[in-house]
Engineer: 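To start, I am sharing the structure in question, which I have written as structure tokens.
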Amino acid sequence: MDILIRYGFSIEEIKNMMDTNIEIGNIEEENIERLITILEEIGCDSLQIKNILVANPFYLNRSLNDADSLIKEMLSFKIDNLQTIFDRNPFLLNLNVEDFKIIIDSKTSEGLKKEEIIDYISYELV
């Protein structure tokens, strides 16, 4: 958990995250660092990253490939401001690419336009 302390998380925040996700203690520091780096690469600042991880410590259980694939798929759909979207709804980071594609296909078949689908993902999807 040294990486989280170095990143600025308080002991209380880390404790709360570990109470929610007991697996955090078993995750390698390198994986935690890389998952944080993925968030930084899409423009998340330190406060957004802290908000995301405190609210959704299960993101730290994601494989690097799964997290990276999800974000690449979202970017390929031209969703801007992922950092704001994930800050608002950090549980979106738990989706896998297949689930994301199903949501896109479902909303498309309902007749929603691309902008409406992005709004749905941004504001309504839980």
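The chain is numbered in sequence order, starting from 1. Note that the coordinates shown come from a computational prediction; the quantities given were computed from them, not determined experimentally.
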Engineer: Can you see which heavy atom on M17 is nearest to which on L4, and at what distance?
Structural biologist: CE-CD1, 4.1 Å

Engineer: Between L75 and L35, is there shared hydrophobic-cluster membership here, with clusters defined by ILVMFWY side-chain heavy atoms closer than 4.5 Å?
Structural biologist: yes

Engineer: Report the distance from atom CG of N61 to atom CG of N21, rounding to the nearest 0.5 Å.
Structural biologist: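 Answer for the CG-CG pair, N61 versus N21, is 4.0 Å.
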
Engineer: The test is side chain to side chain contact (heavy atoms under 4.5 Å, CB included); show your working for I36 and L53 and say whether it passes.
Structural biologist: CA-CA 9 Å; I36 290 172; L53 296 183; 3.9 Å; yes

Engineer: So which atom in I27 and which in L60 form the shortest heavy-atom distance, rounded to 0.1 Å?
Structural biologist: CD1-O, 3.2 Å

Engineer: Indicate, with yes or no, if I5 and V54 share a hydrophobic cluster defined by side-chain heavy-atom contacts under 4.5 Å among Ile, Leu, Val, Met, Phe, Trp and Tyr.
Structural biologist: yes

Engineer: Would you say E29's side chain and D2's backbone share a donor-acceptor pair under 3.5 angstrom?
Structural biologist: yes

Engineer: The test is salt bridge (Lys or Arg N to Asp or Glu O under 4.0 Å); show your working for E110 and K107 and say whether it passes.
Structural biologist: CA-CA 5 Å; E110 289 176 19; K107 294 301 173 187; 3.4 Å; yes

Engineer: Are the charged groups of D68 and K72 less than 4.0 angstrom apart, N to O?
Structural biologist: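 Yes, D68 and K72 are salt-bridged.
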
Engineer: Between S76 (side chain only) and E73 (backbone N and O only), is there a donor and an acceptor less than 3.5 Å apart?
Structural biologist: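 It does hold such a pair.
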
Engineer: Within the 4.5 Å heavy-atom criterion, are K101 and I104 side-chain neighbours or not?
Structural biologist: no

Engineer: Which distance, rounded to the nearest 0.5 Å, do you find between the CG of L82 and the CG of L39?
Structural biologist: 10.0 Å

Engineer: Could you tell me the separation between the CD1 atom of I38 and the CG atom of L64, rounded to the nearest 0.5 Å?
Structural biologist: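 Result: 5.5 Å between the selected atoms.
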
Engineer: Side chains of I14 and I24, heavy atoms from C-beta outward: is any pair under 4.5 Å?
Structural biologist: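 Answer no - side chains too far apart.
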
Engineer: What are the two closest non-hydrogen atoms of I42 and Q83, and how far apart are they?
Structural biologist: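 Heavy atoms of I42 and Q83 come nearest at O-OE1, 3.1 Å.
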
Engineer: Is there a side-chain contact between Q48 and T84, using heavy atoms and a 4.5 Å cut-off?
Structural biologist: yes

Engineer: Can you tell me how far the CG atom of L47 sits from the CD1 atom of I52, to the nearest 0.5 Å?
Structural biologist: 9.5 Å

Engineer: Under 6.0 Å from the CD1 atom of I22, do we count more than 12 heavy atoms belonging to anything else shown?
Structural biologist: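 Incorrect, the count does not exceed 12.
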
Engineer: Hey, could you give me the CD1/CG distance between I79 and L92, rounded to the nearest 0.5 Å?
Structural biologist: 8.5 Å

Engineer: So, for F58 and T20, which heavy atoms are closest and what is the spacing to 0.1 Å?
Structural biologist: CZ-O, 3.3 Å

Engineer: Testing the basics here: between I118 and K78, what is the closest heavy-atom pair and its distance to 0.1 Å?
Structural biologist: CD1-O, 3.7 Å

Engineer: I11, I49: one ILVMFWY side-chain cluster at the under-4.5 Å cut-off?
Structural biologist: yes

Engineer: To the closest 0.5 Å, what do you measure between CG (N51) and CZ (R88)?
Structural biologist: 12.5 Å

Engineer: Please check: side-chain N/O of K50 versus main-chain N/O of Y7, any donor-acceptor pairing under 3.5 Å?
Structural biologist: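 Judged by distance alone, no pair lies under 3.5 Å.
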
Engineer: Using every non-hydrogen atom in the two residues, find where I121 and M74 come nearest and quote the distance to one decimal.
Structural biologist: CG2-CE, 4.2 Å

